[in-house]
Amino acid sequence: MQNQVAIVMCNRVGKEGDVTFAGQSVVVDPYGNVVSKADDQEQLIIVDIDLTQTAAARKQRPFLELRRPEWYD
């Protein structure tokens with residue numbers, strides 16, 4: 001939400017050895033709202049992302065102006 005971009009996070013499902021993967025891949029809009037979320041089964045999510053939302057979100061909530069790049073290492 002602070003970067004105000006759409007995020008797509010993919011997570012695998014199933015079991016490998018002793019590890020069980022949870023799935024629940026997710027697509028989030030620039031406002032931090034979940035647009036689509038998978039469950040713990042293998043599936044394909046197809047979502048249209050409105051790239052103009054990024055500019056609108058940054059105007060409404062100017063979080064990026066609060067950054068201090070001079071403090072970055």
Side-chain angles (χ1 to χ4, degrees):
M1 186 173 146
Q2 289 179 340
N3 289 317
Q4 297 163 307
V5 294
I7 300 292
V8 178
M9 191 281 300
C10 180
N11 192 19
R12 63 193 281 194
V13 298
K15 223 175 162 167
E16 186 175 307
D18 294 335
V19 179
T20 301
F21 296 94
Q24 299 192 17
S25 299
V26 66
V27 179
V28 180
D29 71 14
Y31 297 98
N33 302 312
V34 174
V35 176
S36 184
K37 184 176 178 182
D39 56 23
D40 62 349
Q41 301 297 310
E42 185 174 330
Q43 57 195 272
L44 175 66
I45 298 175
I46 299 174
V47 176
D48 288 325
I49 297 173
D50 183 356
L51 297 178
T52 63
Q53 281 188 337
T54 299
R58 288 181 177 173
K59 281 184 180 180
Q60 290 173 353
R61 300 177 184 161
F63 295 137
L64 295 178
E65 294 174 9
L66 301 174
R67 290 189 171 175
R68 303 282 192 272
E70 65 274 11
W71 294 1
Y72 300 172
D73 286 327

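The figures that follow rest on heavy atoms only: side chains count, while hydrogens, waters and symmetry mates do not.
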Colleague: How close do T54 and Q4 get, counting heavy atoms only, and between which atoms?
Modeller: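 Heavy atoms of T54 and Q4 come nearest at CG2-O, 3.2 Å.
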
Colleague: Could you tell me whether E42 atom CD has more than 12 heavy atoms of other residues or ligands within 6.0 Å of it?
Modeller: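 Incorrect, the count does not exceed 12.
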
Colleague: May I ask whether V27 and V34 are part of the same hydrophobic cluster, defined by side-chain heavy atoms of I, L, V, M, F, W, Y residues being less than 4.5 angstrom apart, directly or through others?
Modeller: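 Result: no, two separate clusters.
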
Colleague: To the nearest 0.5 Å, what is the distance between CE (M9) and NZ (K37)?
Modeller: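 So the gap between those two atoms works out to 8.0 Å.
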
Colleague: Which heavy atom of F21 sits nearest a heavy atom of E16, and at what distance?
Modeller: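 It is CE1-CB, 3.9 Å.
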
Colleague: Would you give the length of the straight line joining atom CG of D39 to atom OG of S25, rounded to the nearest 0.5 angstrom?
Modeller: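 It is 10.0 Å, given to the nearest 0.5 Å.
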
Colleague: How close do Q53 and Y31 get, counting heavy atoms only, and between which atoms?
Modeller: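 Scanning both residues completely, I find the closest heavy atoms to be O-OH, 4.1 Å.
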
Colleague: Using the side-chain contact (heavy atoms from CB on, under 4.5 Å) definition, which of the options V5, V8, V35 pairs with I49?
Modeller: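 With I49 as partner, side-chain contact (heavy atoms from CB on, under 4.5 Å) holds for just one option, V8.
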
Colleague: Shortest non-hydrogen contact from N11 to G23?
Modeller: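 In terms of heavy atoms, the two residues are closest at ND2-O, 3.1 Å.
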
Colleague: Output yes when a side-chain donor or acceptor of R61 lies under 3.5 Å from a complementary backbone atom of K59, and no otherwise.
Modeller: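 It does not hold such a pair.
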
Colleague: Restricting to non-hydrogen atoms, name the atom on A57 and the atom on P30 that form the minimum distance, rounded to 0.1 Å.
Modeller: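 Result for this residue pair: CB-CB, 3.9 Å.
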
